[in-house]
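Structure first, commentary second.
Note on naming: letters A, B, ... go to the chains in the order of the sequence lines (proteins, then strands), and numbering restarts at 1 for each one.
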There are 2 protein chains.
Amino acid sequence: MSLPHAILTALVEKPSSGLELTRRFDRSIGYFWSATHQQIYRELGKLEADGFIRTLPSAQPARGQKKSYEVLPAGRAELARWTAASQDPKPHRDPLLLRMRAAAVVGTDGIEADLRRHLDLHRWQLAEYEEIEKRDFPPGKDSSQDRLRHLVLRAGIDLETFWTQWLSRALEEFAELPGHETA
Amino acid sequence: MSLPHAILTALVEKPSSGLELTRRFDRSIGYFWSATHQQIYRELGKLEADGFIRTLPSAQPARGQKKSYEVLPAGRAELARWTAASQDPKPHRDPLLLRMRAAAVVGTDGIEADLRRHLDLHRWQLAEYEEIEKRDFPPGKDSSQDRLRHLVLRAGIDLETFWTQWLSRALEEFAELPGHETA
DNA sequence: CCCGGTTGTGCAACTAGTTGCATAAAGGCT
DNA sequence: AGCCTTTATGCAACTAGTTGCACAACCGGG
C-alpha cells in the first residue's frame, strides 16, 4: 500500500496534475516506486475521495483540461503516520537471479547476451544517478532535507554499482565455464 | 511470469510434493522468489494441465495424501526456453527508500526504530547466507553447477551487505540531524 | 476410542499492478 | 474549414499475488 503515499510525497514536494506526476515518477520517485499514469489517476481519485488531497481551485474540471492537486492537512498527517509506522520488509523477487539458478540446471545457452544487455542498462542507470548527484547535491548543500534525499540517491547508486559488478563477475565466470564459445 | 519457472527449477533439482516445495521455497529459492503454498498448489495444477509436470505414479491421489510431481521433457524444454529468453528488468519498488524520501518532507519522527529493526533483520539474513556459503560451497566445490549457484548466493550476500551498510549510515546520519534526541 | 495437534491440499475473495483502449481539447498545417 | 499530432484524463479487463479459511488424513496421548 505504498502508491498513495508515494503520490502524497510527490504532491507535498510540489502540487501537480496527473500527467505532471506521471512525468515526475518517471524521473525521480519512480526510481524506487514506479507507476503508470493509469495507476496514478485512479489513486488521485481515491485520495481525493478520502479527503487527503483536493484539486487546486483555479482549474476548471473538464476532460482534457489540466487538473492540479494539492495535499490537505489530513493527507500530510496520513503521510506522517505511514512514514513512522513499522513495516515488514517484503521478500525480494528477482527474475534474473532465478534465471541464473535455472541456468545451473538447464544450461547457460542464450542467457549470456541478455546478461550483457542488463549490464549495459545498469551502467547507464548508474551514470544517470551520478549525473543527478553532481547536479543536485554539490558539496555544501546539506540541509536536513538534502541529506536525507542524498541518502536515498546513494542507495540507488550503490545498488546499481552492485549490479554492474555482479553482472561483470557473472560474465567472467561464464567465460571460464567448460564448453564456452571463446570466439 | 516467473513463478511457474521457479517451480520447474525446483522440481528439476528434485521431485517434490506441494508442501515440500513450499518448505524449499522458504529455505532457498524463496530468497529471491518467494511464494506461499496457495500460489504453489495453484501453479502445480496449471503446470500439470499444460503437460509440463506429472504426479509421480506411485502416490495415490487423495486429499491429505502426499502427491509428488516430476518435470516432463516438455517442462524442461519450457524452462530452457524461458531461461534463454530476453527479459526486461522490472523497475524496483522499495517502500523503505520511499519512506525515507517521505521523511525528508514530513520529518523523521518514528522511522528510526524501524530502521534499526530492518538493520537487525538484514544482519540476520546476511549471517544466514554466510552460514550457507560455508556449508554448501567449501573451497574445491566448483563444478559448473556449483559455480553458478554460488554466484547467485554471492548476490544475496552482497545485497544484504549493502543494506546493512546503508542502514548503518542512515542511522549515523540521523544522529547528526538537528533536533535529534541524543538520550 | 476419540480428541487435539500436525501435515498436506485446496478454494474463494480480495488487493495491487498492468495492458489496451477511449475520449477530449489544443495547436499546427494546408 | 478539415485533419493530424500532442497533451491530458480516464475506464475496463486482465494478471499476479495475498489472505483467510476449509477439509482430509495421520499420529500420539489420556
Just jot down the side-chain hydrogen bond (donor to acceptor under 3.5 Å, both in side chains) partners of [X], sequence neighbours excluded, or say none.
{"X": "A:Glu128", "result": "A:Tyr31"}
{"X": "A:Arg101", "result": "B:Glu13, B:Ser28"}
{"X": "B:His122", "result": "B:Glu160"}

Checklist entry - Between A:His92 and B:Phe32, is the gap from one ring center to the other below 6.0 Å? => result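 Not under 6.0 Å, so no.
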
Checklist entry - By a strict heavy-atom criterion of less than 4.0 Å, which residues belonging to residues 9-33 of chain A are in contact with DNA chain C? => result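 Those residues are A:Trp33.
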
Checklist entry - Contacts to DNA chain C from residues 80-99 of chain B, heavy-atom cutoff under 4.0 Å, which residues? => result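 Per residue number, the list reads B:Arg93.
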
Checklist entry - Run the salt bridge (charged side-chain N to carboxylate O under 4.0 Å, His left out) check on B:Asp114 and B:Arg117 step by step: do they pass? => result CA-CA 5 Å; B:Asp114 207 36; B:Arg117 196 170 65 89; 2.9 Å; yes

Next on the checklist: With a 4.0 Å cutoff (strictly under), does any side-chain N or O of B:Tyr41 reach OP1 or OP2 of C:dG10?
Outcome noted: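 The answer is no; no side-chain N or O of B:Tyr41 sits under 4.0 Å from OP1 or OP2.
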
Item to check | 5′-ward residue of the pair A:His37/A:Lys46 relative to DNA chain C | outcome: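 Here A:Lys46 is the residue nearer the 5' end.
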
Item to check | Base C:dG20 paired with A:Gln38 side chain (donor-acceptor, <3.5 Å) | outcome: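 Checked by distance alone, the answer is yes.
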
Next on the checklist: Looking at the base of C:dT9, is there any donor atom on it, or on the side chain of B:Arg42, that sits under 3.5 Å from an acceptor on the other one?
Outcome noted: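 Absent.
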
Next on the checklist: The side chain of A:Gln39 is closest to which nucleotide in this list: D:dA16, D:dT18, C:dT18?
Outcome noted: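 The answer is C:dT18, which lies nearest to the side chain.
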
Checklist entry - A:Glu133 and A:Ile157: which non-hydrogen atoms are nearest, and at how many Å? => result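 In this case the closest contact between A:Glu133 and A:Ile157 is OE1-CD1, 3.5 Å.
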
Item to check | Nearest atoms (heavy-atom pairs only) where A:Ala85 meets B:Arg99 | outcome: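 Where A:Ala85 meets B:Arg99 most closely, the heavy atoms are O-NH2, 2.5 Å.
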
Checklist entry - Do any pairs count as a ring-ring contact (aromatic ring centres under 6.0 Å, His included) and have a residue in residues 98-117 of chain B, sequence neighbours left out, and if so which ones? => result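 Every pair satisfying ring-ring contact (aromatic ring centres under 6.0 Å, His included) with a residue in residues 98-117 of chain B: there are none.
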
